[in-house]
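Keep in mind that the numbers below use all heavy atoms, side chains included, and drop hydrogens, waters and symmetry copies.
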Amino acid sequence: MHPPLDRPHPDCQEAIAALQKCRANRPYWKIWACNDLKYQMDACFRQEKSRLLENLNKDMFEDRSKEEDAWKEATGQDVSFEEYLKRDKSYQRISQSTSSDNGNYQTRSTGAHA
């Protein structure tokens, strides 16, 4: 499966056009006829997604440090949120009790006791 081709994919327009042309000129029952073009389009989509994610996450660490600083300022704490949770006894008790059911879906979903 590939993403919808009617959405804009600026990096992959040539590959999309080639695949659509191939599919228009081949009978429907010859589904393997355009596989090479589909593989090229899929590779293009992977590269496009990788580029978009890289651009999206380029400032992730800087944003995270800003969030940590805002949390420290708001709470008056000198520790990070993760360190605060590690020290919080009620959070530890809750997290241990939820992890002690060994991933038993039946128990978690129905509330039944084993």
Side-chain angles (χ1 to χ4, degrees):
M1 277 312 271
H2 53 72
L5 301 179
D6 58 344
R7 294 183 185 163
H9 296 281
D11 298 347
C12 303
Q13 287 303 315
E14 292 176 12
I16 291 171
L19 179 66
Q20 288 175 335
K21 182 178 178 183
C22 178
R23 286 181 176 171
N25 295 331
R26 303 287 191 283
Y28 182 72
W29 53 270
K30 284 192 172 183
I31 58 174
W32 65 88
C34 303
N35 282 352
D36 291 338
L37 294 173
K38 172 143 179 6
Y39 297 146
Q40 291 173 3
M41 184 186 70
D42 289 341
C44 183
F45 283 156
R46 281 191 296 275
Q47 290 173 353
E48 183 181 58
K49 183 178 180 179
S50 160
R51 181 186 57 80
L52 291 173
L53 285 174
E54 185 177 309
N55 287 340
L56 185 67
N57 294 327
K58 66 182 175 185
D59 297 328
M60 179 179 59
F61 295 111
E62 182 179 316
D63 292 343
R64 176 66 184 188
S65 66
K66 287 179 185 177
E67 290 172 0
E68 285 288 333
D69 292 342
W71 186 83
K72 288 177 185 177
E73 183 179 324
T75 60
Q77 302 284 333
D78 289 334
V79 295
S80 69
F81 183 66
E82 285 82 11
E83 291 172 9
Y84 176 78
L85 287 178
K86 287 178 187 176
R87 295 179 187 176
D88 187 12
K89 293 186 187 328
S90 62
Y91 175 77
Q92 292 299 322
R93 189 172 43 251
I94 292 169
S95 66
Q96 288 174 356
S97 68
T98 57
S99 65
S100 65
D101 67 2
N102 296 326
N104 187 348
Y105 177 76
Q106 185 83 21
T107 302
R108 288 192 316 247
S109 64
T110 61
H113 299 291

- Note on the structure: One should read off an interatomic distance between E48 CD and L53 CG, to the nearest 0.5 angstrom, of 10.5 Å
- What is the minimum heavy-atom distance between M41 and A15, and which atoms define it? CA-CB, 3.9 Å
- To the nearest 0.5 Å, tell me how far L19 CG sits from N35 CG. 9.5 Å
- Item | Inter- and intrachain pairs under salt bridge (Lys or Arg N to Asp or Glu O under 4.0 Å), touching residues 8-21, at least two apart | D11-R51
- Specify the closest pair of heavy atoms between A33 and C22, including all atoms of both residues, with the distance to one decimal. O-SG, 4.2 Å
- Quick one: pull up CH2 in W32 and CZ in R26 and give me the separation to the nearest 0.5 Å. 11.5 Å
- Message: Rounded at 0.5 Å granularity, tell me how far NZ in K49 sits from NE2 in H9.
- Response: 12.0 Å
- Item | Nearest-0.5 Å distance that lies between atom SG in C34 and atom CD in Q40 | 11.0 Å
- Would you call E68-R64 a salt bridge at under 4.0 Å N-O? yes
- Query: Given K66 and E62, is the salt bridge (Lys or Arg N to Asp or Glu O under 4.0 Å) satisfied, shown in steps?
  - Reply: CA-CA 6 Å; K66 287 179 185 177; E62 182 179 316; 3.5 Å; yes
- Task: Over all heavy atoms of both residues, which pair between Y91 and L85 is shortest? Give the atoms and the distance, please.
- Result: CD2-O, 3.4 Å
- Query: Can you tell me if Q47 uses its side chain to pair, donor with acceptor, with the backbone of D42 under 3.5 Å?
  - Reply: no
- Message: Within this structure, what is the CD-NZ distance for the pair Q92 and K86, rounded to the nearest 0.5 Å?
- Response: 9.5 Å
